[in-house]
Amino acid sequence: MVVDDEEKANILNTFFSTVFTVENEMLGEIPRNNENPILRVTNLTQEEVRNRLNKIKIDKSPGPDGIHPRVLRELTTMPTHRSIHWFRKGLRLHDNPALLAAMRDCDELHPIFILDPWFPKNMRVSVNRWRFLIESLRDLDENLKRINSRLFVVRGKPAEVFPQLFKKWKVTRLTFEVDTEPYSRQRDAEVEKLAAEHNVEVIQKVSNTLYDADRVIAENNGKPPLTYVRLQTVLSSIGAPKRPCPAPTDENMRDCRTPWKSSYEEIYGIPTLEELGQDPSKLGPHLYPGGESEALQRLDLHMRRTVWVCNFKKPDTEPNSLTPSTTVLSPYVKFGCLSARVFYWRLVEIYRGRKHSSPPVSLHGQLLWREFYYTAGAGIPNFDKMVGNSACVQVDWDENKEYLEAWRECQLMCPGCLVMTVSDLPQARTGFPFIDAIMTQLRTEGWIHHLARHAVACFLTRGDLWISWEEGQKVFEELLLDADWSLNAGNWLWLSASAFFHRFFRVYSPVAFGKKTDKNGDYIKKYLPILRKFPAEYIYEPWKSPRSVQERASCIIGKDYPKPIVEHETVSKRNIQRMKAAYARRSGKDGPQSPSKKKGVKRTASVAEFFKKK
DNA sequence: GGATATGTTGACGGC
DNA sequence: GGCCGTCAACATATC
């Protein structure tokens, strides 16, 4: 729609003289939809109209004939912006409100991604996940090309990079998606300050999660919900998640250009694994290519299975199927290649008019678990640590390097490691085939089923090895393609019965649990070929097999494959008692359930009384 | 403020 | 194969 300035003025005049009674009260009356003449004609959002009107401090009385010349001028003059949209997570064009905000009234757009040295310094990232990131960036660049733009990959610390870019590109506006992780918050606050110093407007939009985590916390009296049911109650008071916004098209870029020169490929190109100091020969099989395009295809593929989607119950899916029994959309959601809101509303469409499963076990339920942990991570200080974490039971975990290595290191002869020689590989392992197979799949493929994560996490912590969940957290952080700070910490807290989940006497058996869905042990044989000749009877407990069976299987336990490092029946019983003691200490003298809490209650009561008396 | 219901997904034995 | 009770007994939310 092309509207010239005169026509624009006429439309606005009509609107103001009939509806608009001056004063800021009228802003609340501006309808949000496209039928609103102000929004339609000016191409501004309600928020932007509000900002502009606030800026000029319009006076109370309308001019002659109900015309407000200053208002008109302010709203019809299209300021031109030079925007940076900063991609961090949210590596996508669809449902990216901050990117759309960057494009509004913009004549020069620089979409950037920053290779921030903080990450490799402070976070372990496997070569598999680097590959996923690179592919996602490459796909993002391709998708930007389609709308006549490009991705600039900038190398350096954000706080040092931005002042240079602001000057170099004469930037007036910076947009990005809200991120609630501790480092992100600190980094973004710093960048916001720098932007202010350079007169750069900052626009932040919530689009990583279904809901604004800070709002959820506020609605729950300033505390993140500690149970799923509580979260659901709070969310139902807020209402359904916002609908996703459409991907920008070349129409959005009509009056806007991205200045790209061929020489920029050198400076701002997509990095290679080598540039990132990664060894491509260590890559596992290429099962889950990164990127928005792949994410949307994968979503389509799974959402076509209407019956499967409607019947989906997470606990009924198999941790040890030979191909994933769930969608494996998690890496795509983690990097923001797929919008959680798009996923959510797609499910709404499929569920409509059909009988379907419900949270917490349904696919909607899975997205809500993500909200649960994001909210907890946003609202609980030291969420990824035991000490200083108010939600976390303080447990006297052991330090046991030998056990930890046995759990975390790669099994010999794993499919992704066949090129390596025995001496290249750490030789430690737990001796429980189910546990070792899962850890092998994790290390080589970068994804394991949620219940498989339960099995190995319980084994490392409260079940068998009595090693701190923080150690497991580090290993998952490195190896999982979908490693997401809040979800990783939250799930480790859960599995170790340190927070959210407290029935610590329910322990996963490293033998029995896998048998339920894979009697023959095909999963074990796939990831631990050394055990492939064992009969089903002994595949979960090869150490119990007679010598003759081991010889026939060409695998002597204790020589070719280790004996179990612990006796599960013994240590799990002992560990339950240790957990019991840790919980007793918590409710005894130094936990939140203790006298200090009682004091808090009293204090609240006295404050209430104080106000009553007044 | 004490009692009660509930909590995504345990293992095991018996029917 | 599915359902049930037992094992031993946790925290949180709600009334």
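All heavy atoms count here, side chains included; hydrogens, waters and symmetry mates do not. The chains referred to below are lettered A, B, ... by the order of the sequence lines, with proteins before strands, and numbering in each begins at 1.
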**OP:** Check DNA chain C for consecutive Watson-Crick or G-U pairs with both distances under 3.5 Å and list the runs of at least three as stems.
**Re:** B:2-7 with C:10-15, B:10-15 with C:2-7
Given [N], is OP1 or OP2 found less than 4.0 Å from the side-chain N or O atoms of [X]?
X	N	value
A:R462	C:dC10	no
A:R503	C:dC10	no
A:K580	C:dA9	yes

**OP:** Mind telling me whether A:H364 and A:Y344 have parallel, tilted or perpendicular rings, with 30° and 60° as the class edges?
**Re:** parallel
Original post:
With under 30° as parallel and over 60° as perpendicular, where do the rings of A:F459 and A:F432 fit, or are they tilted in between?
Top reply: perpendicular
Subject >> Span that lies between the P atom of C:dA8 and that of B:dA5, in whole angstrom >> reply: 23 Å
Original post:
If the P atom of B:dA11 is compared with that of C:dA11, how far apart are they to the nearest Å?
Top reply: 23 Å
Aromatic centroids of [Y] and [X] separated by under 6.0 Å:
X	Y	answer
A:Y403	A:W407	no
A:F132	A:Y332	yes
A:F383	A:Y373	no

Under 4.0 angstrom, heavy atoms only, what part of the nucleic acid is [X] near: base, sugar-phosphate, or nothing?
X	value
A:K573	nothing
A:V361	base
A:K313	nothing
A:Y228	sugar-phosphate

**OP:** Using a strict 4.0 Å threshold on nitrogen-to-oxygen distance, state whether A:R346 and A:D300 make a salt bridge.
**Re:** yes
Subject >> Other residues, nucleotides, ligands: >12 heavy atoms within 6.0 Å of A:K223 NZ >> reply: no
Original post:
Can you find a donor-acceptor pair, distance only, under 3.5 Å between A:H502 side chain and C:dT12 base?
Top reply: no
Original post:
Are A:F505 and the base of C:dC10 stacked, counting only ring centres nearer than 5.5 Å and planes tilted under 30°?
Top reply: no
Collect all protein-nucleotide pairs involving nucleotides 13-15 of chain C in which both atoms are nitrogen or oxygen and the distance is under 3.5 Å.
unit_1 : atom_1 : unit_2 : atom_2 : d
C:dT14 : OP1    : A:R230 : NH1    : 3.2
C:dT14 : OP2    : A:R230 : NH1    : 3.3

**OP:** Taking only the side-chain heavy atoms of A:S509 (C-beta and beyond), determine which of B:dA11, B:dT8, C:dC10 contains the nearest atom.
**Re:** B:dA11
